[in-house]
There are 2 protein chains.
Amino acid sequence: MISLTADYALRAMLLIARPETVRALRADEIADATGAPRNYMAKVLNAVAKAGLITSARGPTGGFTLAVPARQITLGRVIDLFDTVPLNSRCMLGNGPCDPSCPCRAHAAWQAVVGARRLPFLNTTIADLLEGRVAPHAIHNAPESLNVA
Amino acid sequence: MISLTADYALRAMLLIARPETVRALRADEIADATGAPRNYMAKVLNAVAKAGLITSARGPTGGFTLAVPARQITLGRVIDLFDTVPLNSRCMLGNGPCDPSCPCRAHAAWQAVVGARRLPFLNTTIADLLEGRVAPHAIHNAPESLNVA
DNA sequence: CGAGATACTCATATGCATATGAGAAACTCG
DNA sequence: CGAGTTTCTCATATGCATATGAGTATCTCG
């Protein structure tokens, strides 16, 4: 699941990064195109700008522009700005946090599953989506840390 | 992201399915062990029971028991009971639903990413977690429908 | 059959994500 | 430098996930 706010941000990024977009897009344009409420989208865009992924400019001819090439912006980088993992310290089995030196049986496997879920976001860029391309790494490769058994 | 409610359900299932669990577990036992509020966990367990994954029994010696072998219960089957995908009909580009016969450029790629994120849940079972095992399919194989480009 | 134990149900409270409204700050351009 | 345009900020409203409390239904066992 991805929060509605993160979804707004992603759609906004896709709009701004589209090759046919040549000038800065205003917040209300982006809001209209994405279906998000105007002021809410403004807040979302502001957060993305603070993170350095887009640039904001006020006044006439103002609006939002990419600050980083679309090929370098992964979906995870956008989504993680809003959907922070709360990381329940209680382990999947038992009633306390897992002792790192002696984790519960399910610990590593659960970590692997959670980690694997992040891969598609970490290995797909805004540019990939705009080109209708799926990076094979997004669905085929798992980092070393995921190899459990 | 996985909702707190779905997380409760998962932890409850793991407890009930543990090999050292020989009798029916009461709702309050499960609540205490998982850190969930008592009545809330009762409601969650009730929903899981209605879905047919566990069996409930009232009165003394009552409680909850697996209704299906742990090896046949995928994480997705549990989580999907609570975390229903709202499926924004508006496509990632443009302001309306994607025309199925002429989808937007990003359509298939986004579908692939979303689908890839479901794999770890669909291909991992309660039994897998209890045995600390990660099914290779959870992170390595993608179904045909995901091959886009 | 009665008492106690447990699941079940519903009405309501709370907190956070989402949304709204209005005003202040900063920019462009004539 | 003034007027208009836009981002930025904050105070507050709303809705839904989460949580709580109390009562009802159904079971076991003596």
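Basis for what follows: all heavy atoms, side chains included, without hydrogens, waters or symmetry-related copies. Note that the structure is a prediction, hence the values are computed from the model and not measured. Per chain, numbering begins at 1; letters A, B, ... match sequence-line order.
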### Query
Which nucleotide sits closest to the side chain of B:Ser3: D:dT7, D:dT18, D:dT20?
D:dT18

### Query
How close or far is atom C1' of C:dG15 from atom CG of B:Leu4, stated in whole angstroms?
12 Å

### Message
Counting only side-chain heavy atoms from C-beta out, which of D:dC8, C:dA7, C:dT20 sits nearest to A:Asn39?
### Response
C:dT20

### Query
Rounded to the Å, how far apart are B:Arg38 CZ and D:dG21 P?
12 Å

### Task
Pick base, sugar-phosphate or nothing for A:Ala42, based on heavy-atom distances below 4.0 Å to the nucleic acid.
nothing

### Task
Find out if a path of hydrophobic residues (ILVMFWY) with successive side-chain heavy-atom gaps under 4.5 Å connects B:Leu122 to B:Val114.
no

### Summary
In whole angstroms, the gap separating P of D:dT7 from CD1 of A:Ile16 amounts to 11 Å

### Query
What's the CE-C1' distance between A:Met1 and D:dA17, to the nearest Å?
12 Å

#### Entry: Residue-level proximity of residues 60-69 of chain A to DNA chain C when a heavy atom falls under 4.0 Å
A:Pro60, A:Thr61

### Message
If you compare all heavy atoms of A:Ala51 against all heavy atoms of A:Leu81, which two are closest, and at what distance to 0.1 Å?
### Response
CB-CD2, 3.6 Å

### Message
Without decimals, in angstroms, what is the distance between A:Asp83 CG and C:dA17 C1'?
### Response
11 Å

### Message
I want to check one thing: is the phosphate of C:dT9, taken as OP1 and OP2, less than 4.0 Å away from some side-chain N or O of B:Lys50?
### Response
yes

### Message
If I take atom CD1 in residue B:Ile30 and atom C1' in nucleotide C:dA7, what distance separates them, rounded to the nearest angstrom?
### Response
11 Å

### Task
Output yes when at least one side-chain N/O atom of B:Arg58 is less than 4.0 Å from OP1 or OP2 of D:dA25, else no.
no

### Message
Please pick, from C:dT18, C:dC8, C:dA26, the nucleotide with the shortest atom-to-atom distance to any side-chain atom of B:Ser56.
### Response
C:dC8

### Task
Return yes when atom CZ of B:Arg18 has more than 12 non-hydrogen atoms of other residues, nucleotides or ligands closer than 6.0 Å, and no otherwise.
yes

### Short side-chain to backbone donor-acceptor contact, A:Asp83 and A:Ser3, under 3.5 Å
yes

### Query
Given C:dT18, C:dT6, C:dG21, which nucleotide is nearest the side-chain atoms of A:Tyr40?
C:dT18

### Query
Is the backbone of A:Phe121 close enough, under 3.5 Å, to the side chain of B:Arg117 for a donor and an acceptor to pair up by distance?
no

### Query
Looking only at side-chain N and O atoms, does B:Thr5 come under 4.0 Å of OP1 or OP2 in D:dT18?
yes

### Query
When you measure from the side chain of B:Pro37, which nucleotide among D:dA19, C:dT6, C:dG21 comes out closest?
D:dA19

#### Entry: For atom CZ of B:Arg26 and atom P of C:dG4, their distance in whole Å
17 Å

### Over all atoms of both residues, closest heavy-atom pair of B:Val134 and A:Ala109
CG2-CA, 3.7 Å

### Message
Please give me the minimum heavy-atom distance between B:Val48 and B:Ala9, naming the atom from each residue.
### Response
CG2-CB, 4.3 Å

### Query
Could you give the CG-to-C1' distance, from B:Leu45 to C:dT9, as a whole number of Å?
15 Å

### Query
Can you tell which of C:dA7, D:dT7, C:dA19 lies closest to the side chain of A:Lys43?
C:dA19

### Task
Give a yes/no on whether any side-chain N or O of B:Asn46 is located under 4.0 angstrom from OP1 or OP2 of C:dC8.
yes

### Query
Which word best sums up how the rings of B:Tyr40 and B:Tyr8 line up, parallel for under 30°, tilted for 30 to 60°, or perpendicular for over 60°?
perpendicular

### Query
For the helix from C:dC1-D:dG30 to C:dG30-D:dC1, what is the angle between the axes at its two ends, each from 5 pairs, rounded to 10°?
20°

### Message
Could you check whether any side-chain heavy atom of A:Leu66 comes within less than 4.5 Å of a side-chain heavy atom of A:Met13, counting everything from C-beta outward?
### Response
yes

### Query
Which part of the nucleic acid, if any, lies within reach of B:Ala57 when heavy atoms closer than 4.0 Å are counted: base, sugar-phosphate only, or nothing?
sugar-phosphate

### Query
Salt-bridged, A:Arg90 to B:Asp7, with N to O below 4.0 Å?
no

